[in-house]
Amino acid sequence: MGWLFYTDGRVKSYADEKAEITRLCTFEGDTRKTDLVKACKVGSTWYAAARVTNRDGTPVEDVTYVSDPDGSITFAAVFLTAYDDGCWGYKDMEESAGPNASRAPLALIELLSDLKDPDSYARDWRQRCREWASIPNYEEGDKIKLAKPVTLTDGSSCQIVTATHYRRGRQKRRCYRIEETGGLVRLSKATLSGSELLSSAKGAASQVLAEYLAGRE
């Protein structure tokens, strides 16, 4: 399915988006009904877990999912969203179709029904979500080694860094001190995949940042 944009201005806020995702995941037919179990927004993408039940109480038979003990099945849906000239739009995909966006929280993944096919697109998608969730959130002072060197904008590279922060106004933002040069760099979460914790130095304030700023004076 392609993108669908609403031109009537019905979706303008986070609450509007969640209400629309809920509506899209809710359906009642003659024999089955679908209800939203959980919805999470990561960036501009919504991840949803939807439960399907038979109205007569019999187990749901499906080629992809194993019925849960109560006879229902719960699957994941991914909604890419965007605003274009003030109009909100979405593109949806069920997990078994192999969506690229794969940052659903583990709390949502754990709600999903088991899969029948060990080699399905859905299993691969769930594994990518788990791998994303497993990337550490390093604490202040943690010294880490990246899985591979990162090339910086000036052509240099770094691989061993220490977690610290800087402030922009009232906001505290994560950055990393480069071991070799003492400079600071921002790293995406994806860059931290496969990284190794070399040492931990928990603290309320950043000594490495203080040293860096002192050297700039």
Side-chain angles (χ1 to χ4, degrees), residues 1-55 60 62-65 68 70 72-113 115 120-133 135 137 165-175 186-193:
M1 179 179 176
W3 284 84
L4 176 64
F5 282 89
Y6 298 172
T7 59
D8 57 5
R10 77 179 82 166
V11 179
K12 298 179 180 180
S13 65
Y14 174 90
D16 292 339
E17 288 187 30
K18 188 169 185 179
E20 189 60 21
I21 297 300
T22 301
R23 187 189 70 80
L24 293 170
C25 293
T26 304
F27 173 79
E28 288 197 29
D30 294 335
T31 59
R32 289 184 175 182
K33 68 174 184 175
T34 304
D35 297 294
L36 178 69
V37 179
K38 188 179 183 66
C40 305
K41 188 179 184 182
V42 181
S44 61
T45 302
W46 280 92
Y47 298 93
R51 178 180 292 122
V52 181
T53 56
N54 283 335
R55 298 181 68 88
V60 176
D62 189 86
V63 296
T64 302
Y65 303 97
D68 291 330
D70 64 356
S72 67
I73 62 169
T74 301
F75 67 93
V78 178
F79 295 84
L80 305 180
T81 68
Y83 284 91
D84 185 8
D85 288 335
C87 299
W88 182 82
Y90 73 91
K91 179 180 180 181
D92 62 327
M93 186 177 295
E94 199 260 343
E95 61 171 325
S96 63
N100 288 324
S102 50
R103 299 182 182 180
L106 289 180
L108 188 145
I109 298 296
E110 292 170 354
L111 297 172
L112 307 178
S113 300
L115 300 167
S120 66
Y121 285 125
R123 191 174 298 276
D124 177 68
W125 178 80
R126 293 182 187 184
Q127 181 58 32
R128 286 188 282 116
C129 289
R130 292 188 181 98
E131 290 173 355
W132 176 261
I135 298 175
N137 289 318
H165 73 270
Y166 70 94
R167 290 188 179 276
R168 175 171 291 177
R170 295 184 178 180
Q171 293 184 331
K172 181 178 178 181
R173 300 195 177 188
R174 168 65 66 207
C175 65
R186 295 288 302 275
L187 298 175
S188 67
K189 184 173 180 179
T191 304
L192 301 176
S193 178

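Sequential numbering from 1 along the given sequence is applied to the chain's residues.
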**Student:** Output yes when a side-chain donor or acceptor of D62 lies under 3.5 Å from a complementary backbone atom of Y65, and no otherwise.
**Tutor:** yes
**Student:** Are L192 and L187 packed together at the side-chain level, in the sense that at least one heavy-atom pair is separated by less than 4.5 angstrom?
**Tutor:** yes
**Student:** A side-chain contact here means heavy atoms from C-beta on lying under 4.5 Å apart; do V78 and W125 qualify?
**Tutor:** yes
**Student:** Which residues satisfy the side chain to side chain contact (heavy atoms under 4.5 Å, CB included) test with S44, sequence neighbours excluded?
**Tutor:** T81
**Student:** With the side chain counted from C-beta on, respond yes when R173 and H165 share a heavy-atom pair under 4.5 Å apart, and no when they do not.
**Tutor:** no
**Student:** Got Y166 and C175 here, is their nearest side-chain heavy-atom distance under 4.5 Å?
**Tutor:** yes
**Student:** Is it the case that atom NZ in K12 sees more than 12 heavy atoms from other parts of the structure closer than 6.0 Å?
**Tutor:** no
**Student:** Is any side-chain heavy atom of Q171 closer than 4.5 Å to one of R167?
**Tutor:** no
**Student:** Could you grab the distance from atom CZ of R174 to atom CG of N137, nearest 0.5 Å is fine?
**Tutor:** 9.0 Å
**Student:** Does T53 form a side chain to side chain contact (heavy atoms under 4.5 Å, CB included) with R51? I'd like the steps, not just the answer.
**Tutor:** CA-CA 7 Å; T53 56; R51 178 180 292 122; 4.1 Å; yes
**Student:** Measure the spacing between CG of L4 and CG of D92 and express it to the nearest 0.5 Å.
**Tutor:** 9.0 Å
**Student:** One pair to check against side chain to side chain contact (heavy atoms under 4.5 Å, CB included): F5 and Y90. What are the steps and the verdict?
**Tutor:** CA-CA 7 Å; F5 282 89; Y90 73 91; over 6 Å; no
**Student:** Side-chain donor-acceptor pairs under 3.5 Å in residues 21-31, sequence neighbours left out?
**Tutor:**
unit_1: T22; atom_1: OG1; unit_2: K18; atom_2: O; d: 2.8
unit_1: R23; atom_1: NE; unit_2: E20; atom_2: OE1; d: 3.4
unit_1: R23; atom_1: NE; unit_2: E20; atom_2: OE2; d: 3.0
unit_1: R23; atom_1: NH2; unit_2: E20; atom_2: OE2; d: 2.6
unit_1: T26; atom_1: OG1; unit_2: T22; atom_2: O; d: 2.6
unit_1: E28; atom_1: OE1; unit_2: R55; atom_2: NH1; d: 2.9

**Student:** Rounded to the nearest 0.5 Å, how far does NZ of K33 lie from OG of S72?
**Tutor:** 10.5 Å
**Student:** Mind listing the closest non-hydrogen atom pair of A101 and T45 along with its distance?
**Tutor:** CB-CG2, 4.2 Å
**Student:** Do R32 and V60 make a side-chain contact, defined as non-hydrogen atoms from C-beta onward lying under 4.5 Å apart?
**Tutor:** yes
**Student:** Quick one: closest heavy-atom pair of K91 and G2, and the distance?
**Tutor:** CG-O, 4.0 Å
**Student:** Taking side chain to side chain donor-acceptor pair (under 3.5 Å) as the definition, give me every residue that meets it alongside R130, ordered by chain and number, with sequence neighbours left out.
**Tutor:** none
**Student:** Are E95 and Y47 close enough that a side-chain donor and a side-chain acceptor fall under 3.5 Å?
**Tutor:** no
**Student:** Where do Y121 and R126 land on the side chain to side chain donor-acceptor pair (under 3.5 Å) test, with the steps shown first?
**Tutor:** CA-CA 9 Å; Y121 285 125; R126 293 182 187 184; over 6 Å; no
**Student:** A48 and F79: which non-hydrogen atoms are nearest, and at how many Å?
**Tutor:** CB-CE1, 4.1 Å
**Student:** Do S96 and F75 come within less than 4.5 Å of each other through their side chains, counting heavy atoms only?
**Tutor:** no
**Student:** Would you confirm whether R103, through its side chain, and G43, through its main-chain N or O, come within 3.5 Å as a donor-acceptor pair?
**Tutor:** no
**Student:** For a side chain to side chain contact (heavy atoms under 4.5 Å, CB included) check, start with the C-alpha distance between E17 and W46, then their side-chain angles and the critical distance, and finish with the verdict.
**Tutor:** CA-CA 9 Å; E17 288 187 30; W46 280 92; 2.8 Å; yes
**Student:** Apply side chain to side chain contact (heavy atoms under 4.5 Å, CB included) to T74 and D68, showing your working.
**Tutor:** CA-CA 8 Å; T74 301; D68 291 330; 4.0 Å; yes
**Student:** Checking the side chain of R123 only, and the main-chain atoms of L115 only, is there a donor and an acceptor separated by less than 3.5 Å?
**Tutor:** yes
**Student:** Once rounded to the nearest 0.5 Å, what's the spacing between atom CG of D84 and atom OG1 of T7?
**Tutor:** 11.5 Å
**Student:** Within the supplied structure, the quantity of interest is the number of heavy atoms (other residues, nucleotides, ligands) at a distance under 6.0 Å from D8 CG; does it exceed 12?
**Tutor:** yes
**Student:** Does atom NZ (K41) have a neighbourhood of more than 12 heavy atoms from anything else shown, all under 6.0 Å?
**Tutor:** yes
